[in-house]
Amino acid sequence: AAGPVRVERSVDSLCPYCGVGCQVTYHVAGGDIVGAKGRDGEANHQRLCVKGRFGFDYSRHPQRLTVPLIRKEGAPKEPLDPADPFTHFRPASWDEALDAAAAGLKRLPASALAGLGSAKGSNEEAYLFQKLVRTGFKSNNVDHCTRLCHASSVAALLEGIGSGAVTAPVAEVANAEVIVLIGANPSANHPVAASFIKNAVKGGAQLVILDPRGQALTRFASHHLKFNNGTDVALLNAMLHVIVAEELYDRDFVQARTTGFAELAQHLKSYAPEAMAPLCGIDAGTIRVVARLYARAASAMILWGMGVSQHSHGTDNSRCLIALALLCGHVGRPGSGLHPLRGQNNVQGASDAGLIPMMLPDYGRVGLDAVRQRFEAGWGVELDPDSGLTVVEMMDAAQAGIIRGLYVEGENPAMSDPDLAHARQALAGLEHLVVQDIFLTETAMLADVVLPASSFFEKTGSFTNTDRHIQMGRQVIDPPGEARSDLWIITEMGRRLGLPWTYDGPKAVFDEMCGLMGSLSGITWERLESEGGITTPAGKAILFGDVFPTGDGKARLVPASGLAPAENPDADYPFLLSTGRVLEHWHTGSMTRRSDVLDRLQGLPAVNVSPGDMARLGLAEGARVRLESRRGAVEAAAVADSRLSPGALFLPFCFTEAAANLLTNPALDPVAKIPELKVSAVRLLPCSE
Ligand code: SF4
């Protein structure tokens, strides 16, 4: 019988999954990772969730891409078995694949090209990828999954307080008297952060949860406001109304630190709790109680997630949260702040590094001459002054034949975009699609050239967590077969696009970033190596105690008015579907569905249904049902969820067998261009045996 595994070496690195950014030590034997243990990182204090503890084995899954692939002449662009890519692709050498990948892009004009980078990659990869698109494609058509997660939060934060990142780390909940959690389910999506919230409640903090769906943390909450999905503005404006009408706001803070109070106060007059209660489904008395609790607290944190941001009025939702904090002076002090819980492990860093179409690194707008000229001088090329296309706009442009060539690094839009039938058709219709990934994802199946990349554990780079803490992710194991590091692949692609790049690794790229990005001032690769993690900017965990980084140093109170989702249930589509994640799986499932432990724990594509609806429709637990929206249909098992209200459904978007985004609505927030992934009208039909 096999004895215990003898650990040969251990490497300090990070968890590859969520934005909490837990520090991990990986144990290695025989060239494979055999164990993971939480380290004493600022964000995790040795804690790990099930994904961090057991979800590393995907890196050695037999379906890993180990050789570059080129589509066979005439092979149709259609779904295929990821275990057998050679029905539609043939293996190629790196030189042949890179030459083919670059040649297909070079044939097309700048206006027909776009790139999707990854929030799972390092800061250096994100920076280099956006630089490749901007200087190699000569276009700003570059974006990443922030467009599908917190784009609206970032837009509102930049507008309101001049900075798109959190003002205080999750750990500050320990110093908060009141914690407001809205549109977030940390127990599933940021589990270690959830453990800090539980600790804070045990230490005396009051937890207020505003959430239409219900969640595990509810039992720790003093108040749970289960409001109607999509009515955030009605509920939050009603709270703001109470705070202004009852003069609960912090007069000194509002006067000294903000502008726009008079306009906001005027706007809020029509949002009395009694007027908003029928819309948001929360009685006026409860709204008043919670508003008073937040306003009167000596310290208070607001944490939010996709339930706030993934709406056609996501920017308005975030504007309300920012106004709450500013009116009450709950920013810039211990235990107080605004914290959009960032989703992927490096979505903060990828955004900081400029992986967004309207902004260069450090959020300077491409349209501003002074900003652009600084990067033109640094990069030695002229840059396009026009903002590029966002994720969903790229798919629309591809469908219209405007975007004809796309380079996708580590993203899976054929699973993550709304209205997938449309997105998949757009991807399949491209003249040239290059996909760089570790598996033959649903997107890679439609590619012309597939470049086999490194998993998180097979490369070194810096990663910025939701707390703005930049941490070092270190290579633990070697890539399989001929797979290469993403940075090497991007560099080689850049060279073939005519860029004079000589980067010999992540340090060279990080050094260049430090020279161009003020947010990295004082941070060096050597410091990251020796200290393991440094908070940006300037080591400050809590920001804006004195001044906001706006033109006049003051924050801006912005009235918000978006009251209804773009699509509501009706007689034809009577259910309201919300999509999201589950504890065991990560985003489109390309990694966690190939993790043995995680997929054993949760491998069933299932839609959550309220017990009342299960009974009304005569559905037994696990019964097969068909979900149909105006855009598509999927089949899944129905499971009863007592937290759901009648008429509400929840379907995770990680299951390729029941791809939730076939159903979702591509309606966009007009400011941030984020789609309304949290509200779709659907019907639910029992499947005949
Ligand atoms: Fe990884 Fe997030 Fe879990 Fe920490 S909380 S172990 S970063 S998935």
Side-chain angles (χ1 to χ4, degrees), residues 11-27 33 35-59 118-123 145 149-150 166 169-171 173-174 181 184-200 215-217 303 305-306 339-350 455-457 461-474 476 532-533 535 580-599 601-602 652-654:
V11 181
D12 287 348
S13 187
L14 308 169
C15 170
Y17 292 110
C18 89
V20 173
C22 295
Q23 295 193 357
V24 185
T25 295
Y26 293 102
H27 302 306
I33 300 175
K37 189 164 182 286
R39 286 193 286 139
D40 200 14
E42 284 189 14
N44 66 311
H45 298 192
Q46 302 184 347
R47 304 172 194 187
L48 293 179
C49 78
V50 67
K51 289 191 287 288
R53 178 75 182 80
F54 297 108
F56 49 78
D57 55 336
Y58 70 88
S59 64
S118 175
K120 293 191 285 291
S122 68
N123 290 323
C145 70
C149 72
H150 266 304
V166 303
V170 171
V173 295
L181 183 72
N185 182 7
S187 300
N189 302 323
H190 303 84
V192 168
S195 72
F196 285 98
I197 293 171
K198 290 176 197 168
N199 290 155
Q215 56 176 285
L217 275 181
L303 299 104
M306 310 289 92
H339 193 116
L341 285 156
R342 305 311 304 258
Q344 300 213 22
N345 59 337
N346 199 36
V347 68
Q348 182 63 55
S455 77
F456 179 89
F457 310 105
S462 68
F463 296 79
T464 307
N465 76 359
T466 189
D467 294 335
R468 295 179 273 104
H469 199 55
I470 307 178
Q471 307 186 100
M472 189 61 91
R474 297 184 179 85
V476 183
T535 298
R581 286 169 272 163
V582 290
L583 170 64
E584 298 82 1
H585 288 300
W586 185 243
H587 288 252
T588 68
S590 59
M591 291 146 62
T592 50
R593 293 296 311 279
R594 293 177 174 94
S595 167
D596 187 44
V597 172
L598 298 178
D599 206 50
L601 286 170
Q602 177 55 274
F653 66 95
C654 59

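Order of listing sets the numbers, starting from 1, for every ligand and every atom in it. All values below come from the heavy atoms of this structure, side chains included, with hydrogens, waters and symmetry mates left out.
We find the CG-NE2 distance between L341 and H150 to be 6.5 Å, quoted to the nearest 0.5 Å. The distance from atom CZ of R474 to atom OG of S462, rounded to the nearest 0.5 Å, is 11.5 Å.
By the 30° and 60° cut-offs, the orientation of the rings of F457 relative to Y58 is tilted.
Remark: E42 pairs with no residue by the side chain to side chain donor-acceptor pair (under 3.5 Å) rule, at least two apart or across chains.
For ligand 1, the 4.0 Å heavy-atom shell contains residues C15, Y17, C18, G21, C22, L48, C49, K51, G52, P191, V192.
A cation-pi arrangement, defined by a distance under 6.0 Å to the six-membered ring centre and an angle within 45 degrees of its axis, is present between R47 and F196.
With respect to T466, the side-chain hydrogen bond (donor to acceptor under 3.5 Å, both in side chains) criterion is satisfied by exactly one of Q344, R342, H339: H339.
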